[in-house]
Enquirer: 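Below is one structure. I have some questions about it.
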Amino acid sequence: MSAPAVAHRVVASAPVVAVAGALLLTTLVMLVVGVDPALAYPALVRGAVLDGNLEYTVAAFVPTLGMALAFALPLRAGEFNLGGDGQLAAGGVTAAAVALLVPLPPGAAVVLPLIAGAVAGGLVAVVAAPLSTRLGIPAIVSTLLISAPAVSLASYLVRFPLAEPNTGIAQTPPLPDAAHLPALGGSGYLTIGLPLIAALTALWLYADGRTVLGYEIRATGQNREFARYGGVRVGRVAALALAGGGAFAGLSGALIVLGPPHRFVDGALTAPGYTFTAVAAVLLASARPVVVPLTVALLTFLQVGGQGMEREAGVPSQLTQIVQGLIIVIVAVLATLRARRPR
Amino acid sequence: MYAAELVGVTKRFGPVLANDGIDLAVARGEVHAVVGENGAGKSTLMSILYGLHRPDAGEVRRDGHRVVLRSPTDAIRHGLGMVHQRFRLFPGLTVAENIVIGAEPVRKGRLDRAAANEAVAALSERYGLRADPSALVGGLPVGVRQRVEILRALYRHAEVLILDEPTAVLTPGETERLFEVLRTVAATGVSILLVTHKLSEVLAVGDRVTVLRQGRVTGRFTTSETDADELVNAMIGRSLTPPVRRRAHAPAGDPLLEVRDLTVRDADGVARLSEVSFTVRPGEIVGLAGVAGSGQRELIDSVTGLRGAVPEVLLTGTPVKAGRDPRVAYVPEDRHGRATAPAMSVAENVLMGAQRDLASRWALPRAKVRARARDLVDRFSISAASVDVPIGALSGGNAQKAVLARELTRPSTVVVAEEPTQGVDVGVRERVHDLLRAARDEGAAVLLQSSELSELRDLADRILVLYEGRVVAEFPGDATEKELGRAMTGATG
Amino acid sequence: MAGVLTATAPVLLAALGGLLCQVAGVFNIALEGQLLWGAFVAVVVSDLTGSAWTGVAGAVAATVVFSALLSGPAVALRADPIVVAVGLNLLALGLTAFLMRQIFGSGGTYSSPELAGLPDLGELGLDVPVLREQSPLVPVALLLVAVLAFWLTRTRSGLRLRAVGQHLDAAQAVGLRVSGYQHGVTLVAGALCGLAGAQLSLGNVTLFSEGMSAGRGWIAVVAVMLSGVYPGRLLLACLLFGVAEAFGFRLQGAGLPQQAADAAPYVITLAALVLAAVARRRRRSYEHA
Amino acid sequence: AETAEAPPAKSIILITPNPVGTNSFLQLGVKGAEAAAKELGASFKLYESKDPTSIAQNVDAAVRAKPTVIVGISFSFDDVFTTVPKANPGQQFLQVDSCAKEQAPNLACVSFKEHEAAYLAGVEAGLLSKSGQIGVVAALDTPFIHRWIEPFFAGATSVKPAAQGTPLYVGGSNPFSDPARAKSQAQTLTGRGVDLIAAAASGGNPGVFEAVAASGGKAFGVDVNQCALSPGNVVDNVLKHVDVAEHAAIKEIFDGRTGGVKVYGLAEGGVGVNALGDDLASSGCTVAASPDVVAKVKQTRDDIFAGKITVADPLQS
Ligand SMILES: Nc1ncnc2c1ncn2[C@@H]1O[C@H](COP(=O)(O)OP(=O)(O)OP(=O)(O)O)[C@@H](O)[C@H]1O
Ligand SMILES: Nc1ncnc2c1ncn2[C@@H]1O[C@H](COP(=O)(O)OP(=O)(O)OP(=O)(O)O)[C@@H](O)[C@H]1O
Ligand SMILES: [Mg+2]
Ligand SMILES: [Mg+2]
């Protein structure tokens, strides 16, 4: 292929078109409201990757990716898990409780709360499985309904039994040092959460494509009757997938809590909206699991960069939301146009 | 002048030339059959006539005038109607609503239910297509659903009615009734295009036949002047070898499948099966006949383990295991609903059931999965672009061969086949029958459920007739269709 | 009871929009954003013109326009409606807060003695006990439940709408303009969310506050998922939520923690759902077993 | 990291724990820092955070920008301001409304005794309530919010021992900006005979005012004078002069007086009620029409100064 042809390919390729389209519209919005794009864009990039901000972007990437797996894994089995917030909070508060209440030797002091958090998240999620397979209540409804009480419960626990005395907000006391996630390098915010979630993502991708369980999960998601007919125990597989998703959410909660500022602060897990960012990322990846980390990275980049844009270029936070909203819509549209083209 | 004509129609799907310069003309009041192998291009051609596909070349004419059909709406406006093989009905609407939709009677701005019901009642009366106008379609048997589709087309004043494999899902009785209807309808001047794989039907109801093969017309016949052999020759380029009823050895040994006094009740306590008992021995094919809904589904689900552990069902002497008993190979009737996951690849579809055997610990190497699939594709001569294409993209016959390939290569001793040749062409049908016979000859016990009596007679050593959940009769394999038909309607004696 | 109706009205109006979309097979989870947008425009227009009814009209019109941002990508271009809705909810949040600063000069809450709210029915001469203190949009919402039920079952367009939602291909095959219907309902849902927003910001209270939709659109989404395509059930679901919420307030007054009150509507709804499903299961026949 | 442009000679960066939005408290914080910047000829930047992680990120970004002072509002900064000032001894920090547990010498703190003002409002409520039933509608049940609740009830029972107090919390998905739900809560209270409600629901306060207006009761505002928001329906406000205190603290830091803790109570003029203000007549608050109540409030204040009354701080219990 000649060089111009290659260039043409690249320019016409979907991601480039998506980004270009999103940039164009965003620039238009900026111009309309009187923000100088020449200041805003560099600030966006700086806010996300330069000046030491990459640390935060990566730090935010970790729970978002965790939550993306929490949604993506059950989705492979055909179950919509929209209850990420509840699973996240349950995982976080459980991890905090274990770290605070159980005296543990170093090492176990980190590992056990993480496991406990994952288990708690899994338990919250798995409730939806029998409701779906036995009672026909779709997981998309039940997970959403279970989420709110789970968040309330976590909030109650940190407000009363686990609360730090004499402080203004509902939060647990700081967790013992032994329970702090080991930091990566000299960073204050990068912890072993990153390699852990990266490894788990790789594991999931591997399991999804190349293991018996992954195959059975996908078969269940593609055609439940087919899987049942084939001898797959679909009720169990669906429950497993939901539990696995919940465990990812719970683990994300635990990772947040065991990372700086090393405590459960009421509302801090749900306020950033990881759950729906993750849902959007997974849906953007449109059923191709390998793409999920990339779409998560894109949305995290936008969110963290947006804060930088706000700080440095004086772009108000509201505008940041507008821009993000537009970009998500545009990317969604371009994703379908791309999917349609080969036809 | 012809009621409808396709002139020089060509249609490509990527590399596949589905239709290649096809000419087809239907006269007024004629029943015109279209036959051909799976993938010959029949559905594509009909879809073009109904505005679902645009032809790459060629044109459509109605009453001699060229028409451009951009959508079914255009086709309907030009007096075309179509009954799809996979029904296009709204399960949550009533029969009448399904029929009048798109051209509803309205009074004072409101939907005129009464008028709709009346119109539908009148129409069913006129063509002898009985259906309760106020029943919800979702709960109706397939035969009735099909009538609803036909009524819909007639209600919209279709002058050319296209039916794509209408009999594939019907019982012999229903098929007979459908043919009567088609004759009645044709007598009123409506032209009928009938896509089918069953040559007996073509000869029974068609006036003329067009044969397609690999996207081209390979024969045009007047039915009164042709016979099955000639049609088969045009379809597959050779004659069928006459069925061999010869068996390797007579059934002997302990039964591999034994059902003792099986009664199955639904949640309301109504018995769907009552005291059913039978055995199938190694090297034996037992046929299962009966009108739809006589308990076949419950029986087969019990035998395969899909209804859970049923102590009354014994496989090689021990009760069937819950879930899916690995001792049973099972070819289900519902190709897209149960037998395959249409969006998954051919390789992953033929993997089902063998995934644990192929795995080393939990790992399921893709190379192994593909290699096994390629092997099956070769051995069962399945035509697929690659083992990585979704199985839903295969033609019906090839998908069916893939299902058989998967099931018959299981290490199982009992084979349950449910409508194994539904919707497949004569060539594939022959191949499927060969495979079932081969399984029998290797000592498997085969339970064959089919609504096609000729199929049962071709294959089975014994035929059990189910009626209202009971085995009401048992015949030898060479029983006449008349005998079987009588038993199926519950006539004793 | 009166309080329950007030709290239920905006949720119900938005949910009616969601239900229409569901009937036509469009999954609309942008209700939250549209509700917020409607609430904002209602206050802006009412403030500018001094008339609450112009505010309502403005909210309806503006939210229809906003909903085109959903119908365009999701219906015409077949983009994933969930992703688009996530984007739109974010957009509405940012846009209202941003425009608020542009128009009123400050963020936070805008209220003003001059801002015209919707009148009470009592003031309009309808002195019926429960309705006395409600805005006229409350009976409108209740009426719309009946209207919608009638429309869906008794009219031609209603029938076609249901058909589109039940089987897209079949609807196409009988010659229905599928995307036309889907566009239509998405825009009508926008109008209903506009009404819902106006009821929230000019009926329930008379002010606009950033993010004041506060999850009501999500509750509407849940209500829609609970009730399938039946407006009657939708009314019940929304009322159940309203009653459970009021019950939660009572619990708080009786000394239970706030978190219990927050959880109450969800727990009660889930319990109702499970009970209904268990009852249904008892009645279900063999078919799928 | 390099800086794109040289920072102005003097600059102030204010970091909030949440988006400022409808939060009148944070709005005051912004106002105070802006006023200080203007007076001192410094530049001003606002970083709004979303959650603990973004607080930390904003603090680090602020440290990189090297302003004269970095201001953090609220107890949400307790953790970061324990570590970051120690790590950056050359940088001045100011924490408003709370103080890090281990205070570095380069961290100054300003905190308030809002419970004293709430007590005074309670006195007014006790005197003005006809039913003897009073209430509070607060955004969320957090410990800090109780500084507005128990002292309010305590003030009321000090003048009317039979007074009954009920708190309700807005809660829900957006507790700080849900006027409709706040209104419902207030209606729940008025429905039980409560005639005076203290509003501590941030963006929800106007909803509380609407509810009391409809029921014939009255309400108290919070942080700033909210009497004009709903004329004739607001008795008085639990004022917290965050802006004034912050302004003063920033000025001191600019003048080189760094570190230390300043607690602003009634005596320091950091908190108060409009009844004690010189501009009471023009405040729009209905307490102006009850001179006897105003007199009692003044007397109570004097008693607090004199140590005759000690207002219990719920956070210290
Ligand atoms: N939408 C499509 N996209 C790509 N290929 C298609 C499409 N529709 C049909 N084909 C291909 O065109 C060829 C003709 O298919 P067609 O469905 O017309 O055959 P048919 O005669 O109806 O087969 P059958 O007897 O199985 O129903 C097949 O190879 C088929 O795979
Ligand atoms: N997107 C596609 N790509 C390739 N082949 C397709 C595609 N869509 C349909 N086909 C093939 O085209 C044919 C036409 O589909 P249609 O819905 O008419 O079913 P059919 O062939 O009549 O039914 P059956 O497969 O049950 O015999 C099928 O054989 C199907 O496998
Ligand atoms: Mg076909
Ligand atoms: Mg076919």
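Below, read A as the first sequence line, B as the second, and so on, with proteins coming before strands; counting in each chain starts at 1. All values reported here derive from a predicted model rather than from experimental measurement.
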Enquirer: Which atoms of A:R218 are under 4.5 Å from chain B, going by heavy atoms: the side chain, the backbone, both sets, or neither?
Expert: both
Enquirer: Quick check: does any side chain N or O of A:Y229 sit under 3.5 Å from a backbone N or O of B:G337, one acting as donor and the other as acceptor?
Expert: no
Enquirer: Any heavy-atom pair between the side chains of A:L213 and B:W362 that's under 4.5 Å?
Expert: no
Enquirer: First locate atom CE of B:M344, then atom CG of A:N223, and finally report the distance between them rounded to the nearest 0.5 Å.
Expert: 9.5 Å
Enquirer: Tell me, side chain or backbone of B:P342 under 4.5 Å from chain A's heavy atoms, or both, or neither?
Expert: side chain
Enquirer: With a 4.5 angstrom heavy-atom cut-off, could you sort out which part of A:R233 is near chain B: side chain, backbone, both or neither?
Expert: neither
Enquirer: Under 4.5 Å, counting heavy-atom pairs only, tell me which of B:G353, B:A339, B:A359, B:P365 racks up the most with chain A.
Expert: B:A339
Enquirer: With distance as the sole test, does B:Y330 use its side chain to make a donor-acceptor pair with the main-chain N or O of A:G230 at under 3.5 Å?
Expert: no
Enquirer: Counting heavy-atom pairs under 4.5 Å to chain A, which of B:D334, B:L364, B:N349 comes out on top?
Expert: B:L364
Enquirer: Between B:M352 and A:Y215, is any pair of side-chain heavy atoms under 4.5 Å apart?
Expert: yes
Enquirer: Sort A:V232 into side chain, backbone, both or neither according to what part of it lies under 4.5 angstrom from a heavy atom of chain B.
Expert: side chain
Enquirer: With only heavy atoms counted, which part of B:L358 is less than 4.5 Å from chain A, the side chain, the backbone, both or neither?
Expert: neither
Enquirer: How about A:R228 and B:R338: do any of their side-chain heavy atoms sit closer than 4.5 Å?
Expert: yes
Enquirer: Go through A:A227, A:G231, A:G214 and name the one with the most non-hydrogen pairs under 4.5 angstrom from chain B.
Expert: A:G231
